[in-house]
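Quick caveat, the model's predicted, so the values are computed rather than measured. Just so it is clear, the values below take in all heavy atoms, side chains as well, and ignore hydrogens, waters and symmetry mates. Below, read A as the first sequence line, B as the second, and so on, with proteins coming before strands; counting in each chain starts at 1.
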2 protein chains.
Amino acid sequence: MTTMKLPPLLQDDPPTLADRAYLSLREAIVEGTLAPGMKLSERGLAAMLGVSPQPVREALRRLEGEGMAESRPRSGTYVAELSIDRLLEMGRIRSALEGVAAGIAARRRTPIDIAALRARLIAVQSASASGDERRLAAVNASLHETLHAITGNALLIRSLQAVNAYYHISTRVILTSKYEVSASLAEHSAIVAAVIDGDPETAEALMRAHTGRSVDVAAIELAR
Amino acid sequence: MTTMKLPPLLQDDPPTLADRAYLSLREAIVEGTLAPGMKLSERGLAAMLGVSPQPVREALRRLEGEGMAESRPRSGTYVAELSIDRLLEMGRIRSALEGVAAGIAARRRTPIDIAALRARLIAVQSASASGDERRLAAVNASLHETLHAITGNALLIRSLQAVNAYYHISTRVILTSKYEVSASLAEHSAIVAAVIDGDPETAEALMRAHTGRSVDVAAIELAR
DNA sequence: ATGGCCAAACTGCTATCGCAGTTTAGCAGT
DNA sequence: ACTGCTAAACTGCGATAGCAGTTTGGCCAT
């Protein structure tokens with residue numbers, strides 16, 4: 001057998017119970033079903049989800065690591081309280097990480113990645129024209145996630161997922177005004193162009209400005 | 001009883017077995033005892049550490065979340081392989097996060113924080129003059145950690161700890177040349193001054209430049 | 001000597017149980 | 001009616017056991 005390099009045989013990843021519990025709880029927190037300050041009992045949640053406390057415990061620790069839950073040593077785990085300040089901080093962290101991700105993506109993108117980015121961008125354009133806000137939000141997220149995936153950096157991807165979840169808790173519907181839609185589309189186009197061109201500095205600067213602007217918009221909304 | 005606001009009664013946090021396992025394993029990975037690619041068996045490590053597999057499992061998932069370990073679905077967990085590219089990516093992430101942290105610290109610092117920062121800076125100056133590299137590295141880390149703590153942002157602190165651990169794997173001794181020592185000291189002084197002045201933009205830019213330069217130095221070292 | 005197969009050992013994952021510490025509800029005393 | 005104590009219920013944490021799937025070492029046939 002020659003020592004040749006092969007791709008790692010990507011196999012479908014049957015999600016574990018802990019993974020599913022994590023996703024379920026995170027969604028509940030983001031959606032507001034589990035309100036901030038509410039207690040997250042291992043046994044109680046386990047009973048609701050129909051699993052044993054063990055996977056729930058793992059999910060809680062993960063949420064805690066992502067800042068969406070807080071644990072008092074021997075008392076319990078609670079849904080993290082969120083303040084406007086904290087939310088804006090998360091927005092800044094998100095902005096910095098998205099910028100770095102765009103820069104790395106501009107360095108590493110392959111022809112396949114470029115094709116994927118073009119496809120996502122077309123989908124964003126289509127959704128922008130349609131006026132369907134939910135679809136637009138979905139394809140926008142998909143575009144960002146495509147950029148994340150191109151970095152191939154597990155820690156970066158994970159951090160971005162965490163901060164995005166947290167950040168989106170109370171910024172669900174920012175993309176409403178026509179101005180926002182057209183501005184966002186133009187920015188996305190420019191970012192993708194810079195990544196395709198392999199220009200890390202420009203890609204990072206544009207992405208940072210793009211996401212930073214959304215923080216400002218959120219701040220204005222929240223201050224009202 | 002009136003509804004008055006009280007600080008949360010900080011009590012000593014007896015570290016859990018999972019915490020200790022995590023610290024132990026992380027140190028072993030950073031130090032190289034657990035080499036990249038090596039298998040991390042829950043039961044095996046549990047026997048070595050004298051605990052049950054359960055806390056070890058939790059520690060492994062945490063390491064995995066921080067990018068220091070990788071897990072193949074039903075095969076095992078392994079120490080993450082590290083490449084120069086990946087290390088530089090981590091350096092960029094670190095730089096971005098440290099910058100954000102410095103900016104947030106400049107917004108939130110209290111008089112007590114300012115006193116703490118001044119004390120740390122004096123310690124750094126003292127250690128720089130002494131020529132004791134280990135002590136200098138320790139007080140430098142302490143200065144950075146003080147800034148992290150001032151942000152009060154759990155997710156940010158956690159992310160920084162993770163990326164710092166990863167980043168320091170093969171950059172243990174950068175601070176050797178006299179030039180590095182004096183340049184680093186000057187930069188630290190300027191950063192602390194900006195934070196104390198409450199100037200977020202300057203603090204972030206200086207911190208980003210400071211940490212970004214250390215990435216470049218590391219890259220030069222590694223390329224030799 | 002080489003290729004294929006199979007069983008034993010090992011893997012991560014989940015369930016169940018027990019422990020020490022915390023919270024809480026209710027009772028007793030004023 | 002209010003305070004102070006106590007016991008029962010609940011909490012997270014850890015240990016142990018069992019399951020299904022994976023890996024591995026060795027045996028047999030070629």
Side-chain angles (χ1 to χ4, degrees), chain A residues 1-3 6 8-25 29 34 37-80 154 158, chain B residues 1-3 6 8-25 29 34 37-80 154 158:
Chain A
M1 189 58 178
T2 61
T3 61
L6 280 182
L9 180 59
L10 57 91
Q11 57 194 5
D12 55 337
D13 220 355
T16 172
L17 281 187
D19 288 335
R20 286 194 278 166
Y22 162 75
L23 290 176
S24 179
L25 292 178
I29 293 176
L34 292 174
M38 196 172 289
K39 185 148 74 170
L40 297 173
S41 154
E42 292 180 0
R43 287 170 167 84
L45 294 174
M48 293 183 199
L49 296 173
V51 298
S52 85
Q54 199 54 47
V56 175
R57 175 158 197 262
E58 194 170 312
L60 288 181
R61 301 307 288 246
R62 197 165 153 193
L63 288 170
E64 186 189 350
E66 294 175 353
M68 303 189 64
E70 291 170 0
S71 164
R72 263 185 299 174
R74 270 163 210 80
S75 157
T77 305
Y78 302 82
V79 179
R158 218 178 243 267
Chain B
M1 187 61 175
T2 62
T3 60
L6 279 183
L9 180 61
L10 55 92
Q11 59 193 7
D12 55 338
D13 218 356
T16 172
L17 281 188
D19 287 334
R20 286 195 278 167
Y22 162 75
L23 290 176
S24 179
L25 292 177
I29 292 176
L34 293 174
M38 196 173 288
K39 184 150 72 173
L40 296 173
S41 157
E42 292 180 0
R43 287 170 166 82
L45 294 175
M48 293 182 199
L49 296 173
V51 298
S52 87
Q54 198 55 46
V56 174
R57 173 182 168 74
E58 194 170 314
L60 288 180
R61 301 306 287 243
R62 197 163 153 195
L63 288 170
E64 185 189 351
E66 295 175 352
M68 302 189 64
E70 292 169 0
S71 162
R72 265 185 297 175
R74 270 162 204 80
S75 157
T77 304
Y78 302 83
V79 179
R158 217 177 242 267

Could you check how far CZ of R72(B) sits from P of dC13(C), rounded to whole Å? 13 Å
Straight-line distance of L60(A) CG to S71(A) OG, nearest 0.5 Å: 8.5 Å
Nearest-angstrom distance from the residue atom CZ of R43(A) to C1' of dT22(C): 13 Å
Measure from CG on L17(A) to P on dG21(D) and round the result to the nearest Å. 14 Å
To the nearest 0.5 Å, atom CZ of R57(A) lies from atom CG of L45(A) at 14.0 Å
How long is the span from the CZ atom in R158(A) to the CD atom in E66(B), to the nearest 0.5 Å? 10.0 Å
Whole angstrom is fine here: how far is it from CD in E64(A) over to P in dC13(D)? 8 Å
How long is the gap from CG on L49(B) to CG on L25(B), to the nearest 0.5 Å? 5.5 Å
Atom-to-atom span, CG of L45(A) to P of dC10(D) - whole angstrom: 15 Å
Separation of atom CG in L49(B) from atom P in dA15(D), rounded to whole Å: 11 Å
Taking CD from E42(B) and C1' from dG14(D), how many angstroms apart are they, rounded to a whole number? 14 Å
Considering only heavy atoms, which members of residues 52-61 of chain A lie under 4.0 Å from some atom of DNA chain D? R57(A), R61(A)
Which value, rounded to the nearest 0.5 Å, describes the distance between L63(A) atom CG and I29(A) atom CD1? 5.0 Å
When all nucleic acid strands are considered with a 4.0 Å heavy-atom cut-off, which category describes S41(A): base, sugar-phosphate, or nothing? sugar-phosphate
Using a cut-off of 4.0 Å on non-hydrogen atoms, how would the nucleic acid contact of T77(B) be classed: base, sugar-phosphate, or nothing? sugar-phosphate
Looking at S71(B), I'd like to know whether one of its side-chain N or O atoms comes within less than 4.0 Å of OP1 or OP2 on dG12(C). no
Give the intermediate values and the outcome of side-chain contact (heavy atoms from CB on, under 4.5 Å) for residues R20(B) and L23(B). CA-CA 5 Å; R20(B) 286 195 278 167; L23(B) 290 176; 5.7 Å; no
Could you tell me the Watson-Crick or G-U partner of dT30(C), where both distances fall under 3.5 Å? Say none if there is no partner. dA1(D)
Report the residues that fulfil side-chain hydrogen bond (donor to acceptor under 3.5 Å, both in side chains) with R61(A), sequence neighbours left out, ordered by chain and then residue number. E64(A), E58(B)
Given that K39(A) and A18(A) both sit by DNA chain C, which one's nearest nucleotide is further toward the 5' end? A18(A)
